[in-house]
2 protein chains.
Amino acid sequence: MTVTPTDPPALAYSTENCTVGRAMDVLGERWTFVVLREVFNGVRRFDDMRRRTSMPRQVLTNRLATLVEQGLLRRVPYQVPGARSRHEYRLTEKGFDLYPVLIAVRDWGDRYLADPGGSPVAFEHRGCGGEVHLAMVCADGHTVTDPRDVMTRPGPGAHPAS
Amino acid sequence: MTVTPTDPPALAYSTENCTVGRAMDVLGERWTFVVLREVFNGVRRFDDMRRRTSMPRQVLTNRLATLVEQGLLRRVPYQVPGARSRHEYRLTEKGFDLYPVLIAVRDWGDRYLADPGGSPVAFEHRGCGGEVHLAMVCADGHTVTDPRDVMTRPGPGAHPAS
DNA sequence: AGGCTAAGTCTGATTGACAGACTCAGCAAC
DNA sequence: GTTGCTGAGTCTGTCAATCAGACTTAGCCT
């Protein structure tokens with residue numbers, strides 16, 4: 001019996017059509033981000049991820065499956081000489097585009113949760129070597145430093161009742 | 001019996017001292033981000049959040065409590081005339097600093113998960129009116145467009161074994 | 001044939017999500 | 001001065017998810 005009778009996950013906790021809610025449907029599971037961090041770090045294989053994160057096998061299986069299903073990862077076959085062919089997990093473009101989120105989370109984590117020694121990883125710009133961070137910019141090119149300078153407006157797809 | 005005998009949450013799934021893992025200890029619960037979205041949108045009261053998100057009361061109670069405990073929100077008393085005094089939830093600075101994460105998530109969600117009509121919210125720069133997005137920049141001021149231009153290096157607080 | 005390994009699946013116990021009913025404090029109206 | 005209303009919860013029971021540990025499977029190698 002290979003069929004898992006899990007009924008379709010069916011997008012949950014979204015306020016109407018809020019894309020943040022929807023994104024959290026995809027990303028909100030506990031371990032999802034940790035998996036993505038590993039993949040961004042170049043860890044692509046099941047057991048490597050398991051060893052590094054010590055997450056339960058089944059959860060990893062599930063997360064990888066969901067991420068593949070959602071189009072964030074794809075399975076790519078590979079073969080180490082003298083071993084049977086297996087597959088590893090790589091980012092799709094949709095997955096790659098989560099990079100800013102990862103950096104945003106890391107920036108925040110570094111500021112508030114790092115050990116006294118500092119962050120265990122650094123992201124540097126290939127070529128110039130400068131450390132990479134996130135910035136909020138507006139369409140006119142201004143850099144926004146204070147969130148209070150950002151106004152939330154209804155967008156084109158806003159829900160009528162509010 | 002008012003004492004809930006929940007043992008301290010005790011940081012879980014972190015690879016060593018990875019700040020992404022730690023951040024996800026704080027942010028990784030399903031509804032946390034949805035709560036933060038509401039607070040950033042100016043929704044500060046229990047029942048308003050509940051009405052807008054239709055999340056279970058108890059979960060909201062728990063999330064708010066964890067967020068207060070983690071120092072992302074603080075409870076502020078308020079009083080509507082002719083009603084008893086209550087309290088609402090406001091962002092602390094630590095909470096405010098999550099704004100880039102929220103925008104990063106929204107940017108991604110808008111790109112891949114929006115309705116055909118587009119995003120239901122827009123963030124605009126107070127003053128100039130331009131739409132606010134996130135950008136990756138390096139210390140030398142270059143804007144990074146491709147994640148592949150970012151190299152991950154061990155940082156100052158890297159764990160020895162790897 | 002037997003062993004090894006990566007990537008799983010199966011099973012059962014603990015934890016968390018969720019819904020619905022109940023509580024509690026203060027104001028207001030009767 | 002008791003009844004009712006409202007916001008912000010708590011209590012209880014059910015159902016799903018997490019987790020750990022043992023088992024499985026496919027291919028290669030000796």
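Please read these numbers as outputs of a predicted model, since none were measured by experiment. Chain naming here is simple, since letters A, B, ... match the order of the sequence lines and numbering starts at 1 in each.
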Colleague: Out of B/R74, B/R63, B/R75, which residue meets the side-chain contact (heavy atoms from CB on, under 4.5 Å) rule with B/V68?
Modeller: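 Only one of B/R74, B/R63, B/R75 forms a side-chain contact (heavy atoms from CB on, under 4.5 Å) with B/V68, namely B/R75.
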Colleague: Could you tell me whether the phosphate oxygens of D/dA8, OP1 or OP2, come under 4.0 Å of any side-chain nitrogen or oxygen in B/Y89?
Modeller: no
Colleague: Expressed as a whole number of angstroms, how long is the span from B/N62:CG to D/dC11:P?
Modeller: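 Atom-to-atom, B/N62 to D/dC11, this comes out as 12 Å.
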Colleague: Under a 4.0 Å threshold between the charged nitrogen and the carboxylate oxygen, would A/E88 count as salt-bridged to A/R90?
Modeller: yes
Colleague: In this structure, how many angstroms lie between the C1' atom of D/dT6 and the CG atom of B/D48, rounded?
Modeller: 12 Å
Colleague: Ignoring the backbone of A/R84, work out which of C/dA6, C/dA25, D/dG9 is nearest its side chain.
Modeller: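 Nearest nucleotide to the side chain: C/dA6.
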Colleague: I'd like to know if B/D47 pairs up with B/R45 as an ion pair, taking the criterion as any Lys NZ or Arg NE/NH1/NH2 lying under 4.0 Å from an Asp or Glu carboxylate oxygen.
Modeller: no
Colleague: Check DNA chain C against residues 72-83 of chain A and give the residues with a non-hydrogen atom under 4.0 Å, in numerical order.
Modeller: A/R75, A/Y78
Colleague: Taking CZ from B/F46 and P from C/dA25, how many angstroms apart are they, rounded to a whole number?
Modeller: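 So the two atoms are 17 Å apart, to the nearest Å.
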Colleague: Return the value, rounded to whole Å, for the distance between atom CE of A/M55 and atom P of C/dG8.
Modeller: 12 Å
Colleague: Applying a 4.0 Å non-hydrogen cut-off, can you work out what A/R63 is touching in the nucleic acid: base, sugar-phosphate, or nothing?
Modeller: sugar-phosphate
Colleague: Heavy atoms from C-beta onward define the side chain here; which of C/dG16, D/dG9, D/dC11 lies closest to that of B/Q58?
Modeller: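 In terms of side-chain proximity for B/Q58, the closest of C/dG16, D/dG9, D/dC11 is D/dC11.
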Colleague: Taking A/D107 first and then A/R111, would you say they form a salt bridge - that is, a charged N and a carboxylate O separated by under 4.0 Å?
Modeller: no
Colleague: Side chain of A/P56 only, heavy atoms from C-beta on: which candidate in D/dA20, C/dT9, C/dA19 is closest?
Modeller: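 Of the options given, the side chain of A/P56 lies nearest D/dA20.
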Colleague: Out of D/dG9, C/dC18, D/dA17, which has the shortest distance to the side chain of A/E29?
Modeller: D/dA17
Colleague: Within this structure, what is the CH2-to-C1' distance between B/W31 and C/dA19, rounded to whole angstrom?
Modeller: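 In whole Å, C/dA19 C1' lies 13 Å from B/W31 CH2.
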Colleague: Only counting residues at least two apart or in another chain, list the ones meeting side-chain hydrogen bond (donor to acceptor under 3.5 Å, both in side chains) with B/N62.
Modeller: none
Colleague: Looking at residues at least two apart in the chain, or sitting in another chain, which of them share a side-chain hydrogen bond (donor to acceptor under 3.5 Å, both in side chains) with B/R57?
Modeller: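 By the side-chain hydrogen bond (donor to acceptor under 3.5 Å, both in side chains) rule, B/R57 matches no residue at all.
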Colleague: Whole angstroms only, please: what is the CG-P distance between A/L64 and D/dT18?
Modeller: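 The distance from CG of A/L64 to P of D/dT18 comes to 13 Å, rounded to the nearest Å.
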Colleague: Given atom CZ of A/R86 and atom C1' of C/dG8, what is their separation to the nearest angstrom?
Modeller: 10 Å
Colleague: As a test of understanding, state which of B/R50, B/R44, B/R51 forms a side chain to side chain donor-acceptor pair (under 3.5 Å) with B/D48.
Modeller: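 Passing option: B/R51.
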Colleague: Would you kindly give the CZ-to-P distance between B/R50 and D/dT10, to the nearest whole Å?
Modeller: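 Value for this atom pair: 13 Å.
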